[in-house]
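All values reported here derive from a predicted model rather than from experimental measurement. Convention: sequence-line order gives letters A, B, ...; per-chain numbering from 1.
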Protein chains: 2
Amino acid sequence: MNTPPSGAPRRATISDVAREAGTGKTSISRYLNGELSVLSPQLRARIEAAIERLDYQPNQMARGLKRGRNRLIGMLVADLTNPYSVEVLQGVEAACHALGYMPLICHAANEVDMERRFLQLLTTYRVEGVIVNALGVSEETLRPVGEGGIPAVLVDRSVDGLVTDMVGLDNQGATALATRHLVERGFDRLWFVVQPFEHISSRRQREAAFHQALEQYPQASGRTVVLELGDADELAQTLSALDAELDAAIAAHEDHARAGVALFAANGPVALALARHLNQRHGPDWQKRVALLSIDDPEWAELAGITTIRQPTYDIGYRAVEFLHQRIDGEQSSARDCLLPGELIERASTAR
Amino acid sequence: MNTPPSGAPRRATISDVAREAGTGKTSISRYLNGELSVLSPQLRARIEAAIERLDYQPNQMARGLKRGRNRLIGMLVADLTNPYSVEVLQGVEAACHALGYMPLICHAANEVDMERRFLQLLTTYRVEGVIVNALGVSEETLRPVGEGGIPAVLVDRSVDGLVTDMVGLDNQGATALATRHLVERGFDRLWFVVQPFEHISSRRQREAAFHQALEQYPQASGRTVVLELGDADELAQTLSALDAELDAAIAAHEDHARAGVALFAANGPVALALARHLNQRHGPDWQKRVALLSIDDPEWAELAGITTIRQPTYDIGYRAVEFLHQRIDGEQSSARDCLLPGELIERASTAR
DNA sequence: CTGTTAGCGCATTCAT
DNA sequence: ATGAATGCGCTAACAG
């Protein structure tokens, strides 16, 4: 029923090599595992030759089956088109390299079902741990990890049913920082724009922190707008409703250039969508009408002169692996949260 | 020496389930493989219960060891920070989904050594095939794939010692299209800017095609500039040398705004580096001084109003998997090249 | 120093 | 309809 792939020829096994070298499998195994000191030079030479001749490559499946570990960790990413994810990944990779792991990347592409399948894949392949940038649905999906399953560390967001280490941005602090910056610059009509919350804790937290921060500034008002980036129609509709709100706010103000209207994007993708829309509608001068600030500092933000809160993405990834490493080594302490601070990068989009 | 990870508790095996269900391993195996018709309802129920109770998950390592195939394919990416790669990846994922494969992503992060290690990893884990966006060094590194090894398909660039299927952009056509566009718009002093060629065939091809295309336009002249994006010092130095050249060219022309100076970026990352630099040096009005066109059409290009050649990235990824699938199925025909056309997206940066 | 043996967890004959 | 036995490729005792 399930025939082997016919594309590649059969590979040599350890037995083939042993026969070719005229010795036993054990010696080959020893050679492979670097126990060279225990091998006579001539045997060693014969083994080397045999391996070369047969182009032998040990089957990791079999090795992994035998010894318990494989030094593999999985990195499950919700959305690779978000530069944030790639930046975190770089921290993950650096830490893996330092600690001797190989990171396997799995991309859920915003599909809950993919998330489930990859998590399943990773656990059944017995990777030693996973770093999860989750879409969020707990239950069924995340059962194989956490308490009973393989060690897991969450990145950027937590998941309801799951108690594990998590590392991400200090959303509370970052949002307060950004809000204060806007108000101090004289923007008092604020719109917080965010993708649908779904199960993504960081989005909720940022939105909540935004309104909470605003309470300290009675002169300012804030509204939340939910932007569905994936659906072009709905996106256009929401944006045009937003346009109307902004137009009204600006028109109501005697000095249009100082109407004090600002958009606060909850993350990079939202900021990009807003900037593209405004640019399309008002041309390059859109920045004179409305201020824009974003959490996340993608590369284009500097080019476009957008003020941002830069996340310590590299550190987030690096710390996540460190945590995971400790868990793999048997660390039993209760789940930890590591909240790293964001940094305000002031640019033209919030100057007056 | 190599002790199993202590982080996760020992997982149940098929024997555990068999004992728990009071039956033999064979029946469990049958159940797992969907041979339900051969099991009495009551046995089936007991097995289901046992699996549930033990939270049993079959070990894919062991399964893969037995049967030859695992429906896994590897996608080795040279640089995930390049949106091009992520876009191709999306095509790859769609095709994998359609054909029943799971794509495992490995990120070489521009490190030749990582490329080697991941290729090794993928082959020794016996994935059924790999899609390689290579850094290029053949020899040692790529021996495990291609003729003797597992099936492989190259993306975007070919590799000297390796004869396999490859799918990418029609660099010749795309570059000619772009060059013609620039010349027709009246730009006659062209700078082709590209990252160090190293072993990357597409960079060489684009550069060669650029100069070749220029031969048809005697009124235009072109120079090549090599930009090392990874080294900040060298980058700054090259850019300032380029500045001098551009300044001279513009100064020599009576009407500065019509000096006909254009930059042709060989890919998206180069374009971003150029735009950021020019923006920093001349402010938002830099586009009035010099035109910019780029191969690759990253999301920010629309926002910045950059004319681009958009690659059919999704199709590239999709086709690559289709090719690979055929090879895995035993297709023996000689290596094929699939060159897809680029599309010119005109924007403000090349208007006059 | 080197080879023999016994599993790792599972799929698969082959009996029953 | 069900189970016992064999082996996938490799490592790790255990002898010699």
Side-chain angles (χ1 to χ4, degrees), chain A residues 1-5 8-47 50-51 54-71 123-128, chain B residues 1-5 8 10-47 50-51 54-71 123-127:
Chain A
M1 51 150 299
N2 228 335
T3 62
R10 201 182 82 63
R11 306 238 45 162
T13 78
I14 200 173
S15 299
D16 297 330
V17 179
R19 196 177 329 109
E20 179 81 12
T23 177
K25 312 194 295 185
T26 311
S27 296
I28 312 298
S29 178
R30 292 211 175 94
Y31 176 85
L32 294 176
N33 292 297
E35 302 174 39
L36 348 126
S37 56
V38 214
L39 294 173
S40 70
Q42 51 270 43
L43 213 204
R44 182 174 160 179
R46 279 177 15 236
I47 292 178
I51 287 181
L54 271 47
D55 188 25
Y56 170 68
Q57 308 218 191
N59 182 330
Q60 290 297 132
M61 294 275 185
R63 303 181 102 179
L65 188 57
K66 199 60 198 140
R67 39 160 95 153
R69 43 193 336 175
N70 51 25
R71 304 262 85 187
T123 58
T124 57
Y125 268 97
R126 300 292 188 265
V127 300
E128 297 188 23
Chain B
M1 50 151 297
N2 226 336
T3 62
R10 201 181 83 60
R11 306 237 46 160
T13 76
I14 199 173
S15 299
D16 297 330
V17 179
R19 196 175 330 107
E20 179 81 11
T23 176
K25 313 196 291 186
T26 312
S27 297
I28 312 298
S29 178
R30 292 210 175 95
Y31 176 86
L32 294 177
N33 292 296
E35 302 175 40
L36 349 124
S37 56
V38 211
L39 294 173
S40 70
Q42 50 272 43
L43 214 204
R44 182 173 161 181
R46 271 162 39 221
I47 292 178
I51 287 181
L54 269 47
D55 189 24
Y56 169 68
Q57 309 217 191
N59 183 330
Q60 290 298 132
M61 292 277 186
R63 305 183 98 178
L65 190 57
K66 249 337 248 175
R67 39 160 91 158
R69 45 192 338 176
N70 51 25
R71 304 262 83 187
T123 59
T124 58
Y125 269 97
R126 301 292 189 268
V127 299

query: Atom CZ of R11(B) and atom P of dC8(C): how far apart are they, to the nearest Å?
result: 17 Å

- prompt: What integer distance in Å separates Y31(B):OH from dA11(C):C1'?
  reply: 17 Å

- line: Side-chain atoms of A62(A) come closest, of dC10(D), dT11(D), dC10(C), to dC10(D)

task: Note down the inter-axis angle between the two ends of the helix from dC1(C)-dG16(D) to dT16(C)-dA1(D), five pairs each, to the nearest 10°.
output: 40°

query: Would one find a side-chain N or O of T13(B) under 4.0 angstrom from OP1 or OP2 of dC8(C)?
result: no

Euclidean distance, atom CZ of residue R69(A) to atom C1' of dC8(C) [Å, nearest integer]: 16 Å

field: By side-chain contact (heavy atoms from CB on, under 4.5 Å) - contacts of T13(A) (at least two apart)
entry: R10(A), S15(A), D16(A)

- request: Give the rounded distance in Å between these two atoms: CG of L36(B) and P of dA1(D).
  value: 12 Å

message: Distance check needed: dT11(D) C1' versus M61(A) CE, whole Å only.
response: 17 Å

query: Taking the side chain of L32(B) as heavy atoms from C-beta outward, which of dA11(C), dT11(D), dT2(C) is closest to it?
result: dA11(C)

query: Between R67(B) (CZ) and dT13(C) (C1'), how many Å, whole number?
result: 16 Å

- request: Could you tell me whether a side-chain N or O of R11(B) sits under 3.5 Å from a main-chain N or O of P58(B), the two making a donor and an acceptor?
  value: no

Using the 3.5 Å cut-off, write out each protein N or O paired with an N or O of nucleotides 4-7 of chain D and the distance between them.
residue, atom, partner, partner atom, Å
dA4(D), N7, T26(B), OG1, 3.4
dA4(D), N6, T26(B), OG1, 2.6
dG7(D), N2, K66(B), NZ, 2.9
dG7(D), N3, K66(B), NZ, 3.2

R63(B) side-chain N/O to dC10(C) phosphate OP1/OP2 under 4.0 Å: no

message: Which nucleotide wins on minimum distance to the side chain of N33(B), given the candidates dA11(C), dC10(C), dG3(D)?
response: dA11(C)

message: Looking at S40(A), I'd like to know whether one of its side-chain N or O atoms comes within less than 4.0 Å of OP1 or OP2 on dT2(C).
response: yes

- line: Which of dC10(D), dC1(C), dC10(C) is nearest the side chain of N59(A)? It is dC10(D)

